[in-house]
Amino acid sequence: MQIIINVSDFLFALPVKVVEKVAAPEIVTTNTEGTFLGQIRINLMTAEEFFKIRINKNNPKKSLILLTVRQELPIAILADSVYGFVREGDLNCFNRGELLKMYGFEYVSKICLYKNRLLFFVNESSIEKRVTELLWE
Amino acid sequence: MGVSRYLKLRINSIYYLCPEENIQKVVTFKEEEIHDSPYGPDWLTHLVVYEKEVIPLLTLKDDKKKSNSKTKLAVIIKKILFFVAIEVDEVLNFVEIKNDVIDMSLNVPIKFAKRALDYNGVECYVLDIDALFSVKE
């Protein structure tokens with residue numbers, strides 16, 4: 001099962017199992033020591049930053065949903081909304097493999113057409129890779 | 001010396017020649033079939049689905065000259081197993097040009113073109129197919 005999030009009008013699908021919870025961003029507190037979700041210190045960033053996507057449009061409403069990636073991946077990403085859920089097997093995938101990697105789709109493992117919109121899949125290993133990158137930055 | 005066939009295309013007011021061997025199809029895309037791209041170099045702003053694959057839609061058109069048309073004319077260009085769509089204003093005719101004319105033509109610093117030549121009094125640019133399939137310009 002994949003959760004679909006809306007990020008600057010792009011749809012990204014990520015495995016439900018990497019997501020700890022979905023919540024409103026108001027529950028995040030910041031103090032001099034950083035950003036906290038309850039008692040847990042987290043890295044908070046926008047989904048655009050997390051997925052390193054190009055922002056085509058001005059998107060002033062930032063964002064209403066906080067998606068926390070699981071405990072061993074201490075990061076929370078701000079998306080615009082949760083678009084829905086989908087089973088990967090229910091979609092026809094349109095892979096461009098090598099070509100899309102060449103064009104810089106480094107975290108996208110496959111692309112599907114979903115309700116006449118492109119759905120960019122990010123798999124678990126890509127998320128782990130990205131979190132590791134961020135932790136070492 | 002042999003002769004090669006090229007398809008003559010017009011983009012804005014510039015005429016391009018595309019080698020026949022790289023032409024897959026001339027198609028039109030409806031507005032709703034054209035998707036923004038979250039990744040890629042600056043010139044790769046759109047993606048389209050062609051034959052169940054997501055491929056880049058390249059546009060060389062000036063922002064000021066972009067049409068408001070609901071459909072866009074495009075030529076699908078292939079290189080081995082990869083495809084790229086390029087938005088054009090007009091598809092003209094096939095022309096035959098001697099290979100030595102191409103070989104002796106001038107290198108030009110034009111985006112996605114590598115050589116310029118005079119064909120029946122009209123300046124034409126030979127599309128650089130390799131550049132279309134890479135991130136170089």
Side-chain angles (χ1 to χ4, degrees), chain A residues 4-14 45-59 63 77 79-80 83 90-123 126-127 129-130 133, chain B residues 22 24-25 27-61 63 66 70-72 74-87 111-112 127-137:
Chain A
I4 302 172
I5 56 172
N6 186 1
V7 184
S8 287
D9 285 339
F10 296 115
L11 297 184
F12 281 79
L14 46 162
M45 64 196 314
T46 65
E48 286 90 341
E49 290 170 317
F50 185 81
F51 295 119
K52 289 208 268 189
I53 68 167
R54 175 167 57 210
I55 302 164
N56 289 333
K57 299 169 183 126
N58 288 329
N59 197 15
S63 66
I77 59 175
D80 294 317
Y83 192 79
D90 293 343
L91 297 163
N92 291 319
C93 291
F94 303 83
N95 286 344
R96 287 303 301 159
E98 294 298 314
L99 186 63
L100 288 184
K101 276 197 173 54
M102 193 163 75
Y103 281 123
F105 290 63
E106 60 180 311
Y107 304 111
V108 176
S109 57
K110 56 185 134 191
I111 305 176
C112 295
L113 205 56
Y114 178 70
K115 295 183 180 176
N116 291 324
R117 293 178 69 181
L118 290 184
L119 181 54
F120 300 92
F121 276 84
V122 183
N123 60 23
S126 292
I127 290 172
K129 183 177 158 226
R130 180 71 181 120
E133 256 177 46
Chain B
N22 296 108
Q24 176 73 10
K25 214 174 197 179
V27 295
T28 53
F29 290 109
K30 292 179 196 158
E31 198 174 32
E32 60 269 24
E33 293 174 321
I34 299 172
H35 308 274
D36 288 338
S37 172
Y39 295 103
D42 290 345
W43 45 265
L44 174 51
T45 54
H46 296 99
L47 298 167
V48 287
V49 178
Y50 171 72
E51 298 279 322
K52 293 194 169 183
E53 287 191 3
V54 175
I55 66 170
L57 172 64
L58 272 56
T59 178
L60 304 181
K61 292 162 82 73
D63 281 340
K66 277 183 182 163
K70 295 284 182 191
T71 59
K72 294 196 187 295
V75 177
I76 308 289
I77 293 171
K78 67 176 175 184
K79 183 185 171 189
I80 314 174
L81 296 174
F82 294 137
F83 298 106
V84 160
I86 183 165
E87 187 187 346
K111 206 172 185 178
F112 299 121
L127 273 178
D128 183 354
I129 301 300
D130 290 334
L132 292 174
F133 287 88
S134 72
V135 292
K136 69 174 182 172
E137 290 186 8

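Chain letters run A, B, ... following the sequence lines, proteins first, then strands; residues in each count from 1. None of these values were measured; they are calculated from a predicted model.
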* **Heavy-atom neighbours of B:K25 NZ exceed 12 at 6.0 Å** =>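 Check fails, neighbour count at 12 or below.
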* Asked: In this structure, are over 12 heavy atoms from other groups packed under 6.0 Å from A:D90 atom CG?
  ->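 Buried by this count: over 12 neighbours within 6.0 Å.
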Any heavy-atom pair between the side chains of [Y] and [X] that's under 4.5 Å?
| X | Y | value |
| --- | --- | --- |
| A:F120 | B:L47 | yes |
| B:S37 | A:F105 | yes |
| B:E53 | A:I111 | no |

* Asked: A:L118 versus chain B, heavy atoms under 4.5 Å apart: side chain, backbone, both or neither?
  ->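 For A:L118, the contact with chain B is made by backbone and side chain together.
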* To do: Check the angle between the aromatic planes of A:F12 and B:Y39 and answer parallel, tilted or perpendicular using the 30° and 60° thresholds.
  =>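 Taking B:Y39 first and then A:F12, their aromatic rings stand perpendicular (interplane angle over 60°).
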* Which pair of heavy atoms, one from A:R117 and one from B:H35, lies closest together, and at what distance? ->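 Smallest heavy-atom distance, with atoms named: CA-CE1, 4.0 Å.
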* To do: Please round to the nearest 0.5 Å and tell me the distance separating atom CG of B:D36 and atom CD1 of A:I53.
  =>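 Those atoms lie 10.5 Å apart.
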* Backbone N/O of B:P41 and side chain of A:R54: donor-acceptor pair under 3.5 Å ->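 Yes; judged by distance alone, with no hydrogens or angles, the pair exists.
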